[in-house]
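A short write-up of the structure that comes next.
Since the structure is predicted, the reported quantities are computational estimates derived from the model, not experimental observations.
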Number of protein chains: 2
Amino acid sequence: MQIPPSRVTINDVARLAGVSTKTISRIINQSPLVGEETRARVEAVIAETGFVPSAQARALALRRNFIVALVHDGSDRGIMEAVEAGMLRGMEGSDLSLVLRPLQGNVAAHLRAFVDQHRPSGVVLLPPLSEMDELARLCEDMDTRCVRLGKVRDGHGLGCDDRPAMAVLIAWLVRLGHRRIGLVGGPESSLTAQQRELGYLDAMADHDLDRGPSLIVSGDNSFESGIEAGRLLLEVSPRPTAIVACNDEMAAGVMQTAGRAGLTVPDDLSIVGFDDTPLAERIWPPLTSMRVPWAEMAREAVSIIRAAAEQPQADRAFTAELVVRNSVLPLGDQAGAAVPSSAAQSG
Amino acid sequence: MQIPPSRVTINDVARLAGVSTKTISRIINQSPLVGEETRARVEAVIAETGFVPSAQARALALRRNFIVALVHDGSDRGIMEAVEAGMLRGMEGSDLSLVLRPLQGNVAAHLRAFVDQHRPSGVVLLPPLSEMDELARLCEDMDTRCVRLGKVRDGHGLGCDDRPAMAVLIAWLVRLGHRRIGLVGGPESSLTAQQRELGYLDAMADHDLDRGPSLIVSGDNSFESGIEAGRLLLEVSPRPTAIVACNDEMAAGVMQTAGRAGLTVPDDLSIVGFDDTPLAERIWPPLTSMRVPWAEMAREAVSIIRAAAEQPQADRAFTAELVVRNSVLPLGDQAGAAVPSSAAQSG
DNA sequence: TTGTAAGCGTTATCAT
DNA sequence: ATGATAACGCTTACAA
């Protein structure tokens, strides 16, 4: 275990600039209580020496690390890319770093150990972990800021309008002439998935359509479960003309099943996803999907963590938005519905 | 900027166990120089108190943080998932954490600042950054272990047999009866991409086939560039019967273009990808692709970083492997080629 | 506006 | 096998 050589420290800079270390510290921390001249002189020295404050030393003194942890259980790979990107964007201009923390097994114990050891500046919880009040409480106890992504019971957390969004999506399909619409739900334990399923039920009821249990199959957000769900749904008689999945991965799975069964999408079967992950536009035909602004939500999560102010984490509402691509065929029952399946938006 | 309360420290444990702090330190660090009894007593106290050593304090004392940084430029999202997973697996059982570090602009300066500030235990460079000798040298200068993923000039780094692998892939297509084979190359500056292109040229030359410049289009590893490359390649006359892309994203782009042009894959056009990322099996038809063991390579990278031994980073060779799915049609020119396009392996 | 001194929680050195 | 003590590089009282 070699000990590497040390580099320019705050003391070197102080000596070279002829001031005290505290003054350097003030400058590092952007304190306004420093004279113009002094500041200029010090900054010159910093530039010359290439001094970079040690994150470890600061962390020790401040009792918190300059990291934000993205905590998830790996069950929904699709949204990770957007969340990572959003968090990274939110950390620009700060000295924060993004730590990836997948958790399995005894989730609470692992999270506690992690926070205990690393004292992150903040923790961002992804569904379904974000739905576990225990984890949020745990962070609070260790006074570590914690932001939960996705719908959460008591209004904490950054979520979007999953339920009405799904209802809007279904209503849109109905306007296009679809009557038999199948649903591939997420894990039954997931609140987000429940909301989306409720939205489906709302809209189907509104339009007085069959929403019997045979039209609803639950998956676990994985591609594989989408394949299986698709298989079940295609056996239903009469066959659904459209299948909506609670995330894009599962929608892709359904598409896979349709393909294997010799069905053409959207001619023989319309398929819609949810979240609008990168996968949606990469598959063929491009998948129509309900866009959930995961990146924006993640960005906001980091902002909350950065904000020193102890504002009680406003329940800011994000809005999902339909992205029409080529996986839905208008059946033309009601000509009013103008959006043609060819209204793809990719270049 | 509140200072959180402190928790159980090494001193508390020392006092409670009636030994010195150094002894606790020895136990934390698995030093063998501790008596049986003492160790037992101390471990009991640790368990009771729930003591967790502070990562910050250790980092300060050891002058290196318990983090490994995954450094990339975001240009090849496809392989990130596998690399992240592999690194995470490699870190299991250690107290290392994974930090995501996308770099843009003045890459060298940013990397230097990052390493200076965080003193990571190691850095893993992804292509094309891994091809920049400057970055590796930079890490060395700051004695930070650095592992480069992908083919690298002087034999450093963990790469796989891109060139022969691509040659094998092309030979396989030829055996299936394909004669006009287009290539979507990666960025021209990328060594990995160059290797793959050379493999293509090798095989085409071997079989005495047309490998004129019109059959080779360079992309930048993005889906969009695949779309564009596909457009160019489909205009070539006579049209290629097969198109090989240097990664799956671009292959998906080609598929997109084929779809828009009304071509059916694989009936009208065979398409093959490279890397075998999750995308490959999620699109329709499932994409035949050359599997590059990114996860295994990433896992090995972390092992190297963990290994205290200063072994000169063996140039361990990884092997790519053809994964046959449904995106290639045998033309039957030479009946000997037995692998039918229906030899998909997904369940 | 600036400086002094005492930590923060761990590890290495050198004793014993 | 174990312990006292001085780092490690920075921050916050509290002065001046």
Side-chain angles (χ1 to χ4, degrees), chain A residues 1-42 45-46 49-66 95 116-119 121 143 308, chain B residues 1-43 45-46 49-66 95 116-119 121 308:
Chain A
M1 204 70 82
Q2 294 268 27
I3 296 264
S6 47
R7 298 195 256 283
V8 185
T9 75
I10 200 176
N11 296 300
D12 301 327
V13 177
R15 192 164 20 77
L16 261 48
V19 294
S20 78
T21 62
K22 181 54 195 167
T23 302
I24 313 296
S25 173
R26 289 209 178 83
I27 291 182
I28 293 175
N29 293 289
Q30 322 217 36
S31 159
L33 304 86
V34 190
E36 276 305 310
E37 282 183 48
T38 323
R39 156 161 283 131
R41 187 148 34 93
V42 170
V45 174
I46 290 183
T49 56
F51 164 69
V52 176
S54 154
Q56 295 92 279
R58 301 187 75 198
L60 181 56
L62 291 170
R63 277 160 301 337
R64 75 188 173 71
N65 237 156
F66 293 89
D95 36 19
D116 242 349
Q117 256 199 41
H118 293 279
R119 303 248 195 166
S121 294
D143 42 36
Chain B
M1 205 69 88
Q2 295 270 26
I3 296 262
S6 48
R7 298 194 256 284
V8 185
T9 75
I10 200 176
N11 296 299
D12 301 327
V13 177
R15 190 162 23 76
L16 261 49
V19 296
S20 78
T21 62
K22 183 56 192 168
T23 301
I24 313 296
S25 174
R26 289 208 180 84
I27 290 180
I28 293 174
N29 294 286
Q30 325 217 35
S31 161
L33 304 88
V34 191
E36 278 304 313
E37 283 182 49
T38 322
R39 158 163 280 131
R41 189 148 33 94
V42 170
E43 284 182 337
V45 175
I46 290 184
T49 57
F51 163 70
V52 177
S54 152
Q56 294 93 277
R58 303 186 72 196
L60 181 57
L62 291 169
R63 279 164 285 346
R64 76 188 172 72
N65 239 154
F66 295 89
D95 36 18
D116 243 348
Q117 259 199 39
H118 293 279
R119 302 250 195 162
S121 295

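The CD atom of B:Q56 sits 9 Å away from the C1' atom of C:dG9 (whole-angstrom rounding). We find that CD of B:E36 is positioned 15 Å from C1' of D:dT2, with the value rounded to whole Å. Spacing between atom CD of B:Q117 and atom C1' of D:dG9 amounts to 13 Å, rounded to whole angstrom units. If you take CG of B:N11 and P of C:dT10, they are 7 Å apart, rounded to a whole angstrom. Following rounding to the nearest Å, A:H118 (NE2) and C:dG9 (C1') show an atom-to-atom distance of 15 Å. The distance between atom CD1 of B:I24 and atom P of D:dA1, rounded to the nearest whole Å, is 17 Å. Atom CD1 in A:I10 sits about 12 Å away from atom P in C:dG3, given to the nearest Å. Following rounding to the nearest Å, A:L60 (CG) and C:dT10 (C1') show an atom-to-atom distance of 8 Å.
Taking for each of A:G18 and B:A57 the nucleotide of DNA chain C with the nearest heavy atom, the 5'-most of the two is the partner of A:G18.
For B:S25 and C:dT11, the shortest distance from a side-chain N or O to OP1 or OP2 is below 4.0 Å. Considering only side-chain N and O atoms, B:R58 lies under 4.0 angstrom from the phosphate OP1 or OP2 of C:dT11. In this structure, A:T21 does not reach the D:dC10 phosphate: none of its side-chain N or O atoms is under 4.0 Å from OP1 or OP2. Within the structure, a side-chain polar atom (N or O) of A:T38 is placed less than 4.0 Å from OP1 or OP2 of C:dT2. The side chain of B:S20 places an N or O atom within less than 4.0 Å of a non-bridging phosphate oxygen (OP1 or OP2) of D:dG3. Close to D:dT11, at under 4.0 Å from its OP1 or OP2, lies a side-chain N or O of A:N29.
Here the nucleotide nearest the side chain of A:F51, chosen from C:dG3, D:dT5, D:dC10, is D:dC10. Of the candidates D:dC10, D:dA1, D:dC8, the closest approach to any side-chain atom of B:A61 belongs to D:dC8. Listed nucleotides: C:dA12, C:dG9, C:dG3. Nearest to the side chain of B:L62: C:dA12.
Between the side chain of A:R26 and the base of C:dG3, at least one donor-acceptor pair of N or O atoms lies under 3.5 Å. Counting distance only, with no hydrogens placed and no angle test, the side-chain atoms of B:K22 and the base atoms of C:dA12 include a donor-acceptor pair under 3.5 Å.
Distance CG/B:N29 to CD1/B:I24: 11.5 Å, rounded to 0.5 Å. How far OG1 of A:T21 is from CD1 of A:I28: 9.5 Å, rounded to the nearest 0.5 Å.
Side chains of B:V42 and B:F51 form no contact here, defined as non-hydrogen atoms less than 4.5 Å apart.
Every residue two or more places apart in sequence or in another chain that forms a salt bridge (charged side-chain N to carboxylate O under 4.0 Å, His left out) with B:R15 is listed here: B:D12.
A donor-acceptor pair is defined here as one N or O able to donate and one able to accept, closer than 3.5 Å; no such pair exists between the side chain of A:R64 and the backbone of A:S121.
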